[in-house]
Amino acid sequence: MQSTTSSTNKNYQMTPSERDAFQTAFMTWYDENRRDLPWRQNQEPYRVWLSEIMLQQTQVQTVIPYYERFLATFPTVADLAAAPEDLLMKTWEGLGYYSRARNLQKAARQVVDDYNGQWPITAAELEKLAGIGPYTAGAIASICFGEVVPAIDGNAFRVFSRLLKIDADIANPKNRHIFYDAILPLIPKDRPGDFNQAVMDFGSQVCTAKNPTVGETALAPFFRSYQDGTLLDYPVKTKKAKQKPVAMFAVVIRSQKGLLFQKRPSTGLLANLSTYPLVAAEDLQVTDDELLTPEEQLARIEAYFKEAFALELQQLHESGLKPVVHVFTHLKWTITLLEAQLAADADLAFFPGQWYTEAQLADVALPTVQKKLAARLATN
DNA sequence: AAATCGTGGCA
DNA sequence: TTGCCAAGATT
C-alpha cells in the first residue's frame with residue numbers, strides 16, 4: 001500500500017549489526033555514567049512508582065527532597081492508602097500538578113483493594129491504575145518487572161528523534177506509535193529497565209535540549225542527525241499557546257483568630273488547596289471596554305465580597321504592595337493585594353472560609369502562589 | 001482531541 | 001523579561 005502521509009512509513013530501523021553495536025555502546029555508556037538516585041537503591045515497585053509520578057514534568061533536583069520526605073511519611077503503599085488527605089496534600093505542597101497526589105492515593109487503594117496488595121506486573125495492567133499513563137506504565141514494567149517495553153518521555157522523544165531523524169511532531173499524541181515502533185527493537189531483551197533509564201540519563205546529561213554534547217561520546221557515530229549536522233533540528237515540536245493574562249484580587253482579612261483562608265474547589269486549578277480569598281477581575285465584570293476608576297473598582301470588589309460571600313467588611317483598601325505575578329502552564333495571574341477591616345460586631349463564625357493562625361498553617365496545604373502572597377505581605 | 005493542570009531553572 | 005523546558009496524565 002502507498003501512503004501519502006510523510007512520517008508513518010519512513011525507515012527508522014537499524015540493521016541487526018548496527019543495532020547490536022548501538023546497544024553495546026549505549027549500555028556501556030550507562031554502566032559508566034549512570035546517576036546514583038534515591039529511587040535506584042532497589043527495584044521495589046512502590047519506590048519506583050512514587051519516583052515516576054513525582055518526576056512527571058518535574059526535574060530530578062526538585063523531586064529528591066520531596067521523595068525522601070514522602071517515603072518517610074508514607075513508608076508503604078498501605079500507609080499511603082490509609083493516609084488522611086490533608087497530610088497527603090501537605091506532603092505534596094509546592095510540587096505542583098496536585099492531581100498527581102490524589103491519583104497516587106487512588107492507585108494505592110486500587111493496589112491494596114483490587115490487587116490484594118500485589119502490584120500488577122505488565123504495562124497494560126499498570127496503566128489501569130490512577131495516574132499511570134503509557135510512559136509511567138512502561139517505566140515501572142521495565143524497571144521493576146523486566147518487561148521489554150519502551151518508556152517514552154521527553155528524553156526518549158529527544159534522544160530517538162535525533163538518533164533516527166524522526167521528524168514526526170512529538171506534540172501530536174497520534175505520533176507516539178512511530179516512536180514506540182522505532183524504539184522497541186532497540187531494547188536489549190536482558191536489560192529493558194536499564195535501557196529505559198539509560199535513555200533518561202543520556203537525554204538529561206548528554207543529548208540535552210540546549211548545548212547537547214553527543215559528539216563527545218562514543219554514541220556519536222549512531223546519531224544520524226549528528227552525522228549530517230542537523231542534531232538541533234530535532235525533535236520537531238509545535239509550539240504551545242502563550243499564558244493567558246488574568247487580573248486577580250486577593251483580600252487579606254485579619255481577626256483575633258488569624259487570617260481568613262478559603263479552600264479551593266475539589267476540581268480544577270489548585271484543587272483543595274487554601275489561599276486568601278481570591279476574585280478574578282473578570283468576575284467583577286471589569287472588561288476592557290468598561291473603564292472604571294480605581295475607586296469604582298474597589299467598590300465593585302467590596303460589593304462582590306459582601307454579596308457573594310456575605311462578609312461584614314468595612315473599609316476595603318489597597319495594600320499599596322506591588323502586585324504578585326504567578327505563572328501557571330496556561331495562565332498568568334497578576335494579583336493585587338487588598339486589605340479589609342472587619343466590622344466591629346463582625347461574627348467570625350459566619351465568614352465563608354477558615355481563620356488560621358500562623359501556627360495552624362503548618363498543617364494546611366498551600367500552593368506556591370499563596371506563599372508568594374504571604375511573603376509579599378511580610379515585606380511590610 | 002485540544003485544553004487543562006504547577007513550579008523552578010535557565011539563556 | 002520572556003519563552004522554553006523538565007521522567008505526562010486526564011478529560
Side-chain angles (χ1 to χ4, degrees), chain A residues 34-35 37-40 47-67 89 92-104 106-107 126-143 150-159 169-176 179 193 195-205 207-212 232 235 237-246 264-273 275 324-334 365-372:
Chain A
R34 75 188 293 268
R35 290 173 291 180
L37 298 168
W39 42 89
R40 289 181 176 175
R47 296 173 57 98
V48 172
W49 165 63
L50 177 62
S51 74
E52 292 301 342
I53 300 299
M54 286 188 165
L55 286 161
Q56 288 169 4
Q57 302 290 282
T58 311
Q59 299 187 121
V60 166
Q61 71 272 18
T62 301
V63 164
I64 289 176
Y66 279 92
Y67 181 77
M89 299 314 292
W92 200 269
E93 175 187 281
L95 195 53
Y97 286 142
Y98 296 94
S99 66
R100 288 185 295 175
R102 282 182 297 279
N103 283 150
L104 209 51
K106 278 187 200 167
L126 285 162
E127 216 174 316
K128 295 178 181 174
L129 300 177
I132 297 185
Y135 161 74
T136 306
I140 299 172
S142 62
I143 295 169
I152 310 173
D153 68 333
N155 287 305
F157 279 127
R158 192 169 56 255
V159 167
D169 182 4
I170 66 170
N172 187 348
K174 282 189 166 179
N175 289 332
R176 187 178 180 281
F179 285 82
F195 176 86
N196 284 330
Q197 294 180 90
V199 173
M200 300 172 207
D201 282 7
F202 192 78
S204 59
Q205 295 183 67
C207 191
T208 49
K210 297 168 191 172
N211 307 317
L232 293 178
K237 184 181 186 182
T238 55
K239 289 169 186 160
K240 292 171 188 171
K242 193 175 160 184
Q243 291 94 352
K244 177 186 170 189
V246 177
R264 295 178 59 81
S266 59
T267 59
L269 188 65
L270 306 178
N272 291 337
L273 302 188
T275 68
V324 167
V325 175
H326 189 78
V327 179
F328 297 99
T329 306
H330 58 295
L331 300 174
K332 179 180 179 179
W333 281 3
T334 300
L366 307 174
T368 294
V369 63
Q370 169 57 39
K371 301 218 167 204
K372 282 191 192 176

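All values below were derived from every heavy atom in this structure, side-chain atoms included, with hydrogens, water molecules and symmetry-related copies excluded. Note that the structure is predicted; figures quoted are calculated from it, not measured. Residue numbers begin at 1 in each chain, while the letters A, B, ... track the order of the sequences.
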Checklist line | Among B/dG6, C/dA7, C/dG3, the one nearest A/Thr329 by side-chain distance | finding: B/dG6

Check: Does the side chain of A/Arg158 get closer than 4.0 angstrom to OP1 or OP2 of C/dA6 through an N or O atom?
Finding: yes

Next item on the list: Take atom P in C/dA9 and the same atom in B/dG8, then report the distance between them in whole Å.
Entry: 22 Å

Margin query: With a 4.0 Å cutoff (strictly under), does any side-chain N or O of A/Gln59 reach OP1 or OP2 of C/dA6?
Written below: no

Margin query: Using whole Å, what does the distance between atom C1' of nucleotide C/dA6 and atom CD1 of A/Ile170 come to?
Written below: 12 Å

Check: Taking the side chain of A/Lys332 as its heavy atoms from C-beta onward, which of B/dC5, C/dT2, C/dA9 lies nearest to it?
Finding: C/dT2

Checklist line | Pairwise C1' distance, B/dA1 and C/dG8 [rounded to whole Å] | finding: 16 Å

Check: CD of A/Gln243 versus P of B/dG6: gap in Å, rounded?
Finding: 14 Å

Checklist line | 5' priority, DNA chain B, between A/Gly94 and A/Asn172 [closest heavy atom] | finding: A/Asn172

Check: So does A/His330 get a side-chain nitrogen or oxygen closer than 4.0 Å to the phosphate oxygens (OP1/OP2) of B/dT4?
Finding: no

Notebook entry, point to check: Are A/Phe328 and A/His326 an aromatic pair by the rule of ring centers under 6.0 Å?
Noted result: yes

Note to self: Looking at every non-hydrogen atom in both residues, tell me the closest pair between A/Met54 and A/Tyr66 and how far apart they are.
What the structure shows: CE-O, 3.6 Å

Check: With the threshold set at 4.0 Å, does a side-chain nitrogen-carboxylate oxygen contact exist between A/Arg34 and A/Asp201?
Finding: no

Next item on the list: Provide the distance between the two C1' atoms, one in B/dG6 and one in C/dC5, to the nearest whole Å.
Entry: 14 Å

Note to self: What is the separation between atom CH2 on A/Trp49 and atom P on C/dG8, rounded to the nearest whole Å?
What the structure shows: 17 Å

Note to self: Within the 4.0 Å heavy-atom criterion, would you say A/Ala139 contacts the bases, only the backbone, or no part of the nucleic acid?
What the structure shows: nothing

Next item on the list: Please determine, for the side chain of A/Pro134, which listed nucleotide (B/dC5, C/dA6, C/dA9) has the closest atom?
Entry: C/dA9

Item checked: Donor-acceptor pair present, A/Arg35 side chain and C/dA7 base, under 3.5 Å -> yes

Next item on the list: Could you check whether A/Ile53 gets within reach of a base, just the sugar-phosphate, or nothing at all, counting any heavy atom under 4.0 Å?
Entry: nothing

Item checked: Nearest to side-chain heavy atoms of A/Ala209, which nucleotide of C/dA7, B/dT7, C/dA6 -> C/dA6

Check: Under 4.5 Å between any side-chain heavy atoms of A/Phe202 and A/Asn155, yes or no?
Finding: no

Margin query: What is the distance, to the nearest angstrom, from the CE atom on A/Met200 to the P atom on C/dA7?
Written below: 9 Å

Next item on the list: Using a 4.0 Å heavy-atom cut-off across all strands, classify A/Ile140 as base, sugar-phosphate, or nothing.
Entry: nothing

Note to self: For A/Lys174 and A/His326, find the nucleotide of DNA chain B closest to each by heavy atoms; which residue's nucleotide sits nearer the 5' end?
What the structure shows: A/Lys174

Next item on the list: Side-chain contact test, heavy atoms from C-beta onward, threshold under 4.5 Å: evaluate it for A/Leu104 versus A/Leu50 and give yes or no.
Entry: yes

Notebook entry, point to check: Can you check whether A/Tyr66 has a side-chain N or O nearer than 4.0 Å to OP1 or OP2 of B/dT7?
Noted result: no

Notebook entry, point to check: When we call it a touch if two heavy atoms are under 4.0 Å apart, what does A/Lys240 touch: a base, just sugar-phosphate, or nothing?
Noted result: nothing

Next item on the list: Write down the distance separating the P atoms in C/dA7 and B/dT4, rounded off to the nearest Å.
Entry: 24 Å

Item checked: First of A/Leu129 and A/Leu37 reached from the 5' end of DNA chain C, by closest nucleotide -> A/Leu37

Margin query: What's the closest nucleotide to the side chain of A/Trp39 if the choices are C/dA7, C/dC4, B/dG6?
Written below: C/dA7

Next item on the list: Select base, sugar-phosphate, or nothing to describe what A/Val199 touches, counting heavy atoms under 4.0 Å on all strands.
Entry: nothing

Item checked: Presence of A/Thr136 side-chain N/O under 4.0 Å of C/dA9 phosphate oxygens OP1/OP2 -> yes

Check: Whole-Å distance between B/dT4 P and A/Lys242 NZ?
Finding: 16 Å

Margin query: Without decimals, in angstroms, what is the distance between A/Asn196 CG and C/dA7 P?
Written below: 14 Å

Margin query: Between A/Thr58 and C/dA6, is there a contact of a side-chain N or O with OP1 or OP2 at under 4.0 Å?
Written below: no

Notebook entry, point to check: Could you state the CE-C1' distance from A/Met54 to C/dG8, rounded to the nearest angstrom?
Noted result: 16 Å

Item checked: Minimum heavy-atom distance between A/Ala107 and A/Ala130, given as atom pair plus value -> CB-O, 3.5 Å

Margin query: I want to verify a distance call: between C/dA7, B/dG6, B/dA1, whose nearest atom is closest to the A/Leu269 side chain?
Written below: B/dG6

Notebook entry, point to check: Which listed nucleotide (B/dT7, C/dA6, C/dA9) is nearest to the side chain of A/Tyr98?
Noted result: B/dT7

Checklist line | A/Lys210 side chain near C/dC5 phosphate (N/O to OP1/OP2, under 4.0 Å) | finding: no

Next item on the list: Round to the nearest Å and state the distance from A/Gln57 atom CD to C/dG8 atom P.
Entry: 5 Å

Check: How close do A/Lys237 and A/Ala171 get, heavy atom to heavy atom, and via which atoms?
Finding: CG-CB, 4.2 Å

Next item on the list: Starting at CZ of A/Arg100, measure out to CD of A/Glu52 and round the result to the nearest 0.5 Å.
Entry: 11.5 Å

Check: Counting any heavy atom closer than 4.0 Å, what does A/Gly203 reach on the DNA or RNA strands: base, sugar-phosphate only, or nothing?
Finding: nothing

Next item on the list: Pick base, sugar-phosphate or nothing for A/Ala130, based on heavy-atom distances below 4.0 Å to the nucleic acid.
Entry: sugar-phosphate

Next item on the list: Check whether any side-chain heavy atom of A/Trp39 sits under 4.5 Å from a side-chain heavy atom of A/Val60, and report yes or no.
Entry: yes

Check: Hey, does A/Val63 reach any base, or is it just sugar-phosphate, or nothing, if we go heavy atoms under 4.0 Å?
Finding: nothing

Notebook entry, point to check: Considering only side-chain heavy atoms of A/Tyr97, which listed nucleotide, C/dC5, C/dA7, B/dG6, is closest?
Noted result: B/dG6

Next item on the list: With heavy atoms under 4.0 Å as the rule, sort A/Arg40 into base, sugar-phosphate or nothing.
Entry: base

Notebook entry, point to check: NA contact type, A/Leu331, heavy-atom cut-off 4.0 Å: base, sugar-phosphate, or nothing?
Noted result: nothing

